[in-house]
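Accompanying notes for the structure given below.
Just follow the structure's listing: the first ligand is 1, and inside any ligand the first atom is 1.
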Amino acid sequence: MKENLEVIKAQAISAIETAADEKEIEELRVKYLGKKGELTAILKQMGSLDPAERPIMGQLVNEAKQSLEELIGKKKSELLAKATELKLKAETIDITMPAKTSKPGKLHPLNSVLDDMIDIFQSMGFDVVDGPEVETDYYNFECLNVPADHPARDMQDTFYLGENLLLRTQTSAAQIRTMETRKPPIRVICPGRVYRADEVDATHSPVFHQIEGLVVDKGITMCDLKGVLEQFAHEIYGKDTKVKFRPSFFPFTEPSVEVDVSCSECGGKGCRVCKGSGWIEILGAGMVHPRVLESCGIDPEEYSGFAFGIGLDRLTTTRYKISDIRLLFENDKRFLEQF
Ligand code: DAH
């Protein structure tokens, strides 16, 4: 029995020492020390021994049991430490690795400039209104004092969608819709896309953007027009920018002007951007034609007003020194990421 005990003990020791994980250790504990384990089985055979040998054998078995328990405990904590170390190693974060960067979206340059313009006009008391891009001939031309056979229609090559339906060629259409629905005093701007069947090149696109403005009240004069537009130009281009009003023609305003600002690129000396003239044209404007007021149900004897149409694309290309208008519409990320 003693030899048997030695054999079992030796087997157990070598099995415990080579155990690979906690599960295996637990299985070994059950195998040798459990209720039905091999050491317990020896204890159960004690009855067959000589009474004098029983205490000696009992002590040997207990010693074996104790040393195996110790060994198991030691091996268990060794394995646990090893497992923890492996786990920590696997979960280590290398803080010197380059981080994943997220790329936040940005405003399109057209929208940044538009936001600035809206701020400027809102600070002067203007509301922002919206108008449809698909318009009727009536709102886009007829009511703006451009009847069907008027030569001014040639100024704007139009995309027709049907006999009376078209893609608006100017945001001026929004003036009419505004005057039909609001009573003076009126102070609105209407930003939006406009469409013309133009040849595409560095300065022309079949879709571009305008901001229409309209002021109607009692006693509005050309001085108000000049004051508002000069203020606008100074806020957008800077206080030192010179502003020039040139007489012009639009069917829906009388008198009409075009407004130029001194070239921000060369300061007025003449360069490639201003084509040598020192000036950049930024908008058309004028006193609302009495016939236009009348056709919207506003009495021109009592009220007067001024209107203006600003080209957003030109403002954006000059501000950011963008050489080709097409870049604004191509959605090339390499271009857009620069803003
Ligand atoms: N609609 C004109 C254009 O597209 C710009 C314009 C000129 C708008 C004078 C106006 C205005 O409101 O009064 O060329």
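A continuous path of Ile, Leu, Val, Met, Phe, Trp and Tyr side chains, each step under 4.5 Å between heavy atoms, connects Leu49 with Ile42, placing both in one hydrophobic cluster.
Heavy-atom proximity to Gln210, at under 4.0 Å, picks out these atoms of ligand 1: 3 (C), 4 (O). Each of the following atoms of ligand 1 lies closer than 4.0 Å to a heavy atom of Gly286: 13 (O). Set against the non-hydrogen atoms of Gly284, the atoms of ligand 1 under 4.0 Å away are 6 (C), 7 (C), 9 (C), 11 (C).
Heavy-atom neighbours of Glu163 CD from other residues, nucleotides or ligands within 6.0 Å: at or below the threshold of 12. The number of heavy-atom neighbours closer than 6.0 Å to NZ of Lys82, taken from other residues, nucleotides and ligands shown, is 12 or below.
Taking any N or O of Gly213, backbone or side chain, none lies under 3.5 Å from an N or O belonging to ligand 1. Polar contact with ligand 1: absent for Thr169 (N/O pair, distance under 3.5 Å). When only interatomic distances are considered, the shortest N/O to N/O separation between Thr253 and ligand 1 does not fall below 3.5 Å.
At least one side-chain heavy atom of Met179 sits less than 4.5 Å from a side-chain heavy atom of Val292. For the pair Ile280/Asp260, no side-chain contact is recorded, criterion being any heavy-atom separation below 4.5 Å from C-beta on.
Counting only heavy atoms of the protein, atom 10 (C) of ligand 1 lies nearest to Glu212 OE2, 3.4 Å. Scanning the protein for heavy atoms near atom 5 (C) of ligand 1, the closest one is Gly309 CA, 4.1 Å. In terms of protein heavy-atom proximity, atom 2 (C) of ligand 1 is nearest to Gln170 OE1, 3.8 Å. What sits closest to atom 11 (C) of ligand 1 on the protein, heavy atoms only, is Phe252 CE1, 3.5 Å.
The closest side-chain donor-acceptor pair between Asn140 and Thr169 falls under 3.5 angstrom.
With a heavy-atom cut-off of 4.0 Å, Ala285 touches ligand 1 through its backbone alone. When non-hydrogen atoms are compared, ligand 1 lies under 4.0 Å from the side chain of Arg196 (C-beta onward) but not from its backbone.
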Check the pair Phe329, Phe335 against ring pair (Phe, Tyr, Trp, His ring centres under 6.0 Å), reporting the backbone distance first and the verdict last. CA-CA 11 Å; Phe329 303 102; Phe335 168 74; over 10 Å; no
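Classification of Lys244 and Glu258 as a salt-bridged pair fails, no side-chain N sitting under 4.0 Å from a carboxylate O.
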